[in-house]
Enquirer: 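Below is the structure I would like to discuss, written out as structure tokens.
None of the values given here were measured: they were computed from a predicted structure. Residues take their numbers from the sequence shown, with the count starting at 1.
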Amino acid sequence: MTTFTSFAPYDNAETMDSYIDEGKQLEFSRIENLFRAPCKNCTVPAQTIVCRYYDSLKVYIETKTFTDAEFRRYKYNPRFLSYDLYGTPELWADILYINNMVSVSSFNKSTVKVFRTSIIDALIEIKSIIENDLIDNKRSVEGGK
């Protein structure tokens, strides 16, 4: 797993190319785990695997009550929480999602929903299944080549 000198590896990026390169080094990258929607000449993120497969993944959700010290650390900062729990800051928006929050400014509760740490394995497995399905679909469209 990638270790970070700060809570996000992108803090050291000075150019867009270095930002992209740093993101590619993550074992679990939010960018790679987004379903994308076509938009004329570009592709925009549409939803995360967690959003798309929420009904299947909700078994990985549990409630966490912060100590006073944890509350001070994580208040308005789900990236720190994501990094401390999962070793990556990349699940911060999904933490907001499962708590019905749309902004980090809402992340100020002493009790929140979080994923069990096994969520990473589940997300990697889902991603693998999706990739295999895409390969199988492409083969069938191309006539079994």
Enquirer: Donor-acceptor pair, S82 side chain versus T88 backbone, under 3.5 Å?
Expert: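 Yes, because the side chain of S82 sits within donor-acceptor range (under 3.5 Å) of the backbone of T88.
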Enquirer: Considering only heavy atoms from C-beta outward, does the side chain of I119 approach that of D94 to under 4.5 Å?
Expert: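 A side-chain contact is absent here, since even the closest heavy-atom pair is not under 4.5 Å.
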Enquirer: What heavy-atom pair brings R116 and V59 nearest, and what distance separates the two atoms?
Expert: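 What the structure gives for the nearest pair is NH1-O, 2.8 Å.
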Enquirer: Counting neighbours of CG on D68 that are heavy atoms of other residues, nucleotides or ligands and sit closer than 6.0 Å, is the number greater than 12?
Expert: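 Check fails, neighbour count at 12 or below.
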Enquirer: Between L123 and L91, is any pair of side-chain heavy atoms under 4.5 Å apart?
Expert: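 Touching, per the 4.5 Å side-chain cut-off.
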Enquirer: Between S128 and I124, is any pair of side-chain heavy atoms under 4.5 Å apart?
Expert: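 The answer is no; the side chains never approach within 4.5 Å.
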Enquirer: With rounding to the nearest 0.5 Å, note down the distance linking OH in Y74 to CG in L85.
Expert: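 Y74 OH to L85 CG: 6.0 Å, rounded to 0.5 Å.
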Enquirer: Once you round to the nearest 0.5 Å, how far does CE of M101 lie from CG of N108?
Expert: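 If I round to the nearest 0.5 Å, the distance is 6.5 Å.
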Enquirer: Between Y86 (side chain only) and F115 (backbone N and O only), is there a donor and an acceptor less than 3.5 Å apart?
Expert: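 Yes, because the side chain of Y86 sits within donor-acceptor range (under 3.5 Å) of the backbone of F115.
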Enquirer: So do N77 and W92 actually touch side chain to side chain, heavy atoms under 4.5 Å?
Expert: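 SC-SC contact between W92 and N77 ruled out.
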Enquirer: Holding to ring-ring contact (aromatic ring centres under 6.0 Å, His included), I want the full list of residues that pass it with Y76, two or more places apart in sequence or in another chain.
Expert: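 Checked Y76 against ring-ring contact (aromatic ring centres under 6.0 Å, His included); zero matches.
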Enquirer: Taking the side chain as everything from C-beta on, heavy atoms only, tell me whether T63 gets closer than 4.5 Å to T111.
Expert: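 Of all side-chain heavy-atom pairs linking T111 with T63, at least one is under 4.5 Å.
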Enquirer: Please step through side-chain contact (heavy atoms from CB on, under 4.5 Å) for the pair R73 and D84, ending with a clear verdict.
Expert: CA-CA 11 Å; R73 176 168 172 75; D84 289 350; 2.8 Å; yes
Enquirer: Taking N99 for its side chain and K113 for its backbone only, find out whether a donor-acceptor pair lies under 3.5 Å.
Expert: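 Yes, N99 side chain to K113 backbone: donor-acceptor pair under 3.5 Å.
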Enquirer: Rounded to the nearest 0.5 Å, what separates atom CD1 in I98 from atom OH in Y60?
Expert: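 So the CD1 of I98 and the OH of Y60 are separated by 13.5 Å.
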Enquirer: Are the side chains of I126 and R52 in contact, using a 4.5 Å heavy-atom criterion?
Expert: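 The answer is no; the side chains never approach within 4.5 Å.
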Enquirer: As an exercise, state the distance from CD1 of I49 to OG of S56, rounded to the nearest 0.5 Å.
Expert: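 Those atoms lie 12.0 Å apart.
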Enquirer: For E62, I'd like to know if atom CD has over 12 heavy atoms of other residues, nucleotides or ligands within 6.0 Å.
Expert: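 Correct, the count exceeds 12.
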Enquirer: Starting at CD1 of I135, measure out to CG of N132 and round the result to the nearest 0.5 Å.
Expert: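 CG of N132 is found 5.5 Å from CD1 of I135.
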Enquirer: Could you check whether any side-chain heavy atom of I95 comes within less than 4.5 Å of a side-chain heavy atom of F107, counting everything from C-beta outward?
Expert: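 Yes, at least one pair of side-chain atoms sits under 4.5 Å.
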Enquirer: Which distance, rounded to the nearest 0.5 Å, do you find between the NZ of K109 and the CZ of F71?
Expert: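 If we round to the nearest 0.5 Å, K109:NZ and F71:CZ are 9.0 Å apart.
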